[in-house]
Amino acid sequence: QVQLVESGGGLVQAGGSLRLSCAASGRTFSSYAMGWFRQAQGKERAFVAGVSGSAGNTFYAASVKGRFTISRDNAKNTVYLQMNTLKPEDTAVYYCGAGRSVGAVLTGDADYWGQGTQVTVSS
């Protein structure tokens with residue numbers, strides 16, 4: 001049983017930066033692959049970034065590669081998403097999820113989900 005809580009969303013101007021955090025409960029955090037997803041209003045949820053339990057493997061959607069960085073601190077049971085050079089099209093509710101593997105997370109097959117945090121980028 002894992003609980004995930006996102007934080008760090010807000011309103012920023014285009015070109016700005018935000019860092020999202022996802023805090024997890026439980027003692028087996030390092031066993032889970034973690035991912036970030038986003039859902040813009042009126043659109044389907046989309047994969048943004050994923051990281052393996054050991055943090056040795058990371059994956060990014062093409063739309064954010066080079067701008068966003070996913071990382072994790074297993075000692076703190078927390079995964080982060082550093083978002084730089086934000087664009088208006090990045091506006092969405094961002095969710096973190098925990099899954100069995102990075103491969104599963106990439107396809108949205110997460111076992112646990114956070115409540116989401118709103119990111120709004122103005123032009």
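- When atom types are taken as modelled, the side chain of Glu6 and the backbone of Gly116 share a donor-acceptor pair closer than 3.5 angstrom.
- Within the 4.5 Å cutoff, no side-chain heavy atoms of Leu4 are placed close to those of Tyr32.
- Side-chain N or O atoms of Arg72 include none that pairs as donor or acceptor with a backbone N or O of Ala33 at under 3.5 Å.
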**Report entry** side-chain contact (heavy atoms from CB on, under 4.5 Å) assessment of Leu86 paired with Gln13
**Finding:** CA-CA 8 Å; Leu86 283 161; Gln13 293 183 345; over 6 Å; no
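- Here the CG atom belonging to Leu81 is positioned 11.0 Å from the OG1 atom belonging to Thr117, to the nearest 0.5 angstrom.
- Both Val12 and Val48 sit in one connected hydrophobic cluster of ILVMFWY residues. Membership requires side-chain heavy atoms under 4.5 Å apart, directly or through other members.
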Query raised in the report: Where do Arg45 and Trp113 land on the side-chain contact (heavy atoms from CB on, under 4.5 Å) test, with the steps shown first?
Result: CA-CA 12 Å; Arg45 184 179 62 195; Trp113 294 96; 3.3 Å; yes
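- Residues Val119 and Leu20 have side chains in contact (heavy-atom distance under 4.5 Å, counting atoms from C-beta outward).
- In terms of the ring-ring contact (aromatic ring centres under 6.0 Å, His included) criterion, residue partners of Phe47 (sequence neighbours excluded) are, by chain and number, Phe37.
- Here the OG1 atom belonging to Thr69 is positioned 4.5 Å from the OH atom belonging to Tyr60, to the nearest 0.5 angstrom.
- What you find for Asp73 and Phe29 is that their closest heavy atoms are O-CE2, 4.2 Å.
- Not one N or O on the side chain of Gln118 forms a donor-acceptor pair closer than 3.5 Å with the backbone of Gly9.
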List the atom pairs, with distances to 0.1 Å, where a side-chain N or O of residues 49-58 and a protein N or O form a donor-acceptor pair under 3.5 Å, not counting sequence neighbours.
residue : atom : partner : partner atom : Å
Ser52   : OG   : Ala55   : N            : 3.4
Ser52   : OG   : Gly56   : N            : 3.2
Ser52   : OG   : Asn57   : N            : 3.1
Ser54   : OG   : Gly56   : N            : 3.3

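- By the 4.5 Å heavy-atom criterion applied to side chains, Val5 and Gln115 are counted as neighbours.
- Side-chain contact check for Val105 versus Thr107: every heavy-atom pair is 4.5 Å or farther apart.
- Ser25 is linked by a side-chain contact (heavy atoms from CB on, under 4.5 Å) to Gln3, counting only residues two or more places apart in sequence or in another chain.
- Under the side-chain contact (heavy atoms from CB on, under 4.5 Å) criterion, Thr85 pairs with Arg67, sequence neighbours left out.
- Side-chain atoms of Ser17 and Asn84 include a donor-acceptor pair closer than 3.5 Å.
- In the hydrophobic clustering of ILVMFWY residues, with side-chain heavy atoms under 4.5 Å counting as a link, Leu106 and Trp36 come out apart.
- The two residues Ser123 and Ala14 have their closest heavy-atom pair at CA-CB, 4.4 Å.
- Looking at residues two or more places apart in sequence or on another chain, you find a side-chain contact (heavy atoms from CB on, under 4.5 Å) between Ala104 and Arg100, Ser101, Asp109.
- In this structure the side chain of Val79 reaches within 4.5 angstrom of the side chain of Ile70, judged on heavy atoms.
- The shortest distance between side-chain heavy atoms of Arg19 and Ser71 does not fall below 4.5 Å.
- Using a 4.5 Å heavy-atom threshold, the side chains of Thr91 and Gln41 count as separate.
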Report task. Test side-chain contact (heavy atoms from CB on, under 4.5 Å) on Lys76 and Ser21 and set out the steps. Result -> CA-CA 11 Å; Lys76 295 183 177 180; Ser21 298; over 6 Å; no
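- Listed for the Ser30 side chain is no donor-acceptor partner under 3.5 Å among the backbone atoms of Thr28.
- Pairs engaging residues 78-99 under the ring pair (Phe, Tyr, Trp, His ring centres under 6.0 Å) rule: none recorded [sequence neighbours left out].
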